[in-house]
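Below is one structure, written out as structure tokens; the observations come after it.
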There are 2 protein chains.
Amino acid sequence: MSTAQETAGGELQPWAEVTPDAARRLLVAAVEAFAERGYHATTTRDIAGRAGMSPAALYIHYKTKEELLHRISRIGHEKALDILRTAGGRAGSPAERLADAVSSFVRWHAGGRTTARVVQYELDSLGADARAEIIALRRQVDAEVRAIIEDGVAAGDFDVPDVPGTTLAVLSLCIDVARWFNVDGPRTPEMVGDLYADLVLRMVGADRRKRSGADGQK
Amino acid sequence: MSTAQETAGGELQPWAEVTPDAARRLLVAAVEAFAERGYHATTTRDIAGRAGMSPAALYIHYKTKEELLHRISRIGHEKALDILRTAGGRAGSPAERLADAVSSFVRWHAGGRTTARVVQYELDSLGADARAEIIALRRQVDAEVRAIIEDGVAAGDFDVPDVPGTTLAVLSLCIDVARWFNVDGPRTPEMVGDLYADLVLRMVGADRRKRSGADGQK
DNA sequence: CCCGATACTGAGCGAGCGCTTAGCATGCCC
DNA sequence: GGGCATGCTAAGCGCTCGCTCAGTATCGGG
């Protein structure tokens, strides 16, 4: 009970950077509550209660309820961007890099569905300034995926008539995993990641031989 | 001002079945408000105000705020199902029917983004009974798309290793259009519909000749 | 010309919201 | 061991929420 390595939902904690301990517990509680009920339907009393504290304790570590959402959203987007950059920057053919990027991005959305849901679907609840900051991060996410697709087109490996549109569709497909993925369902995050990597390679017209060789990593 | 054929957002009104007139005005106002701010962040005073009425007027036509969301969600899902059934039931090859279904489904999500947003993303705000009813409608939507894909596999036109997973991905891709589509953006609903029909045919492995012949309808 | 039904409004109730404040325990420096 | 940040709680403020209710304007039927 003292070492909180997992949430009640059972997912790994990427919140180690949040200190002190009480601030992290509040933030993790907020992620769970926002994911379950949505930002506006979550009360500060609920967040504090999940963290085992009184409602007033929240305001020692955060100025407002919105600051909690802002922090969650920024850290989450930075993590998502990091995942894509790592995959996109690795050696290998464009098809391998795209498959790697998609499968790890999808695994993050499925496995950390609680976090991903808040990050991807509560953006509108932020105020104008915070939203602008997050939108800038999203543009970097988009650029990362587009760069891989453009590499594949330039190398002649992909057949993509509309690169911006296809980039949008690929990201949309991955992000929406956070909406429908069910931890108790029949699919593991790894299975969805592999399935989606294959579907995306088909979308960009990577030929069959390249495709079957690219989705073999863990 | 008396004949309300369009909302403030400019989309066509599929709400003709809602009577009397005051009840429809309230429902249209609720759709706009829910789409802009979300269900929980919308107040009954806001809905009534948009419809040009006092807060109390809402409760003459609807028992609760939730009943409004329920009605919107049911009518919306029935419309979405109707679109898919029409496309899926037409004559033609599986590839043509799938392209037709996807492009019209996507056009509905993009063009009627206001409505589609509420229908697809406010499901969790419904109570248990209402949610169960809507989920049953969603299963019918899923079955409709899966049937077309199974037809294509049976006919040897499609190459789909995981039919349920691919069905899920195709629907997810279409539904998420309601989240990102921007009326002021560079793409019309028709353009997105055509792009997505092509991408989905690639996902199911319809061969190139069939693909280029299937997305030529309006 | 009055009647009841219908559609609506103005005022406001009880509840719960985000957030504040006064005060209490703890631990560290001197 | 006294002084004082630090981190927390109990209580509650001001406000807005979903919703209610008594009262009013309108109108078709007898």
Side-chain angles (χ1 to χ4, degrees), chain A residues 1-2 4 15 18-34 36-73 118 122 124-131, chain B residues 1-4 15 18-73 118 122 124-131:
Chain A
M1 193 194 257
S2 60
W15 304 115
V18 181
T19 55
D21 184 70
R24 180 173 52 249
R25 269 158 51 216
L26 283 164
L27 189 131
V28 168
V31 169
E32 289 173 11
F34 291 162
E36 268 177 40
R37 308 208 218 298
Y39 175 78
H40 285 293
T42 297
T43 69
T44 53
R45 285 163 177 83
D46 183 20
I47 297 169
R50 284 172 192 251
M53 301 166 109
S54 81
L58 199 152
Y59 293 91
I60 295 162
H61 301 282
Y62 302 96
K63 258 201 319 241
T64 61
K65 176 179 149 186
E66 195 198 318
E67 193 195 328
L68 265 168
L69 178 60
H70 183 194
R71 286 261 245 269
I72 291 166
S73 198
V118 178
E122 299 291 343
D124 293 340
S125 302
L126 286 171
D129 290 356
R131 189 164 56 241
Chain B
M1 193 193 255
S2 58
T3 63
W15 304 115
V18 182
T19 55
D21 184 68
R24 180 172 51 250
R25 270 159 48 217
L26 284 164
L27 190 132
V28 168
V31 170
E32 290 173 11
F34 292 161
E36 268 178 39
R37 310 207 216 299
Y39 175 78
H40 286 293
T42 298
T43 69
T44 54
R45 284 162 177 84
D46 182 20
I47 297 169
R50 284 172 193 251
M53 301 167 109
S54 81
L58 198 152
Y59 294 91
I60 296 162
H61 301 282
Y62 303 94
K63 259 200 320 238
T64 61
K65 176 179 152 188
E66 196 198 316
E67 192 195 328
L68 264 168
L69 178 60
H70 184 193
R71 286 260 247 268
I72 291 166
S73 199
V118 178
E122 298 292 343
D124 292 340
S125 302
L126 285 171
D129 291 354
R131 188 164 57 239

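Please read these numbers as outputs of a predicted model, since none were measured by experiment. Reckoned from all heavy atoms, side chains included, excluding hydrogens, waters and symmetry mates.
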Non-neighbouring partners of A:His70 that pass side-chain hydrogen bond (donor to acceptor under 3.5 Å, both in side chains), sequence neighbours left out:
A:Glu133
Tell me which pairs pass side chain to side chain donor-acceptor pair (under 3.5 Å) where either residue lies in residues 42-58 of chain A, with sequence neighbours left out.
A:Glu36-A:Arg50, A:Arg37-A:Asp46, A:Asp46-A:Arg50
Would you please name every residue forming a side chain to side chain contact (heavy atoms under 4.5 Å, CB included) with A:Ser73, sequence neighbours left out?
A:His77, A:Leu126, A:Ile134
Suppose the criterion is ring-ring contact (aromatic ring centres under 6.0 Å, His included): which pairs have a residue in residues 28-56 of chain B, not counting sequence neighbours?
B:Phe34-B:Tyr39
To the nearest angstrom, the CD-C1' distance between A:Glu66 and C:dC17 comes to 16 Å
On the side chain of A:Arg45, is there an atom forming a donor-acceptor pair with the base of C:dG16 - under 3.5 Å, no angle test?
no
Please enumerate all protein N or O atoms sitting under 3.5 Å from an N or O of nucleotides 6-10 of chain C, with distances to 0.1 Å.
| from | atom 1 | to | atom 2 | distance (Å) |
| --- | --- | --- | --- | --- |
| C:dC8 | OP2 | B:His61 | NE2 | 2.7 |
| C:dT9 | OP1 | B:Ser54 | N | 3.4 |
| C:dT9 | OP2 | B:Ser54 | N | 2.8 |
| C:dT9 | OP2 | B:Ser54 | OG | 2.8 |

Just verifying a value: how many Å separate B:Ile72 CD1 and B:Glu67 CD, rounded to the nearest 0.5 Å?
10.5 Å
Contact residues, residues 36-43 of chain B to DNA chain D [heavy atom, < 4.0 Å]
B:Thr42, B:Thr43
Distance under 4.0 Å to a non-hydrogen atom of chain B counts as contact; along DNA chain D, which nucleotides mark the start and end?
D:dC17 to D:dC21
A:His61: which residues meet the side chain to side chain contact (heavy atoms under 4.5 Å, CB included) condition with it, sequence neighbours left out?
A:Pro20, A:Ala22, A:Ala23, A:Leu26
In Å, rounded to the nearest 0.5 Å, how long is the span from CZ of B:Arg24 to CH2 of B:Trp15?
11.5 Å
Within residues 51-61 of chain B or reaching into it, pairs that qualify as salt bridge (charged side-chain N to carboxylate O under 4.0 Å, His left out) - sequence neighbours excluded
none
Whole-Å distance between C:dC19 C1' and A:Glu67 CD?
14 Å
At what distance, to the nearest 0.5 angstrom, does CD1 of A:Ile47 lie from CE of A:Met53?
12.5 Å
Length of the OH-P vector between B:Tyr59 and C:dG12, whole Å
19 Å
According to salt bridge (Lys or Arg N to Asp or Glu O under 4.0 Å), who are the partners of B:Glu66, at least two apart in sequence or on a separate chain?
none
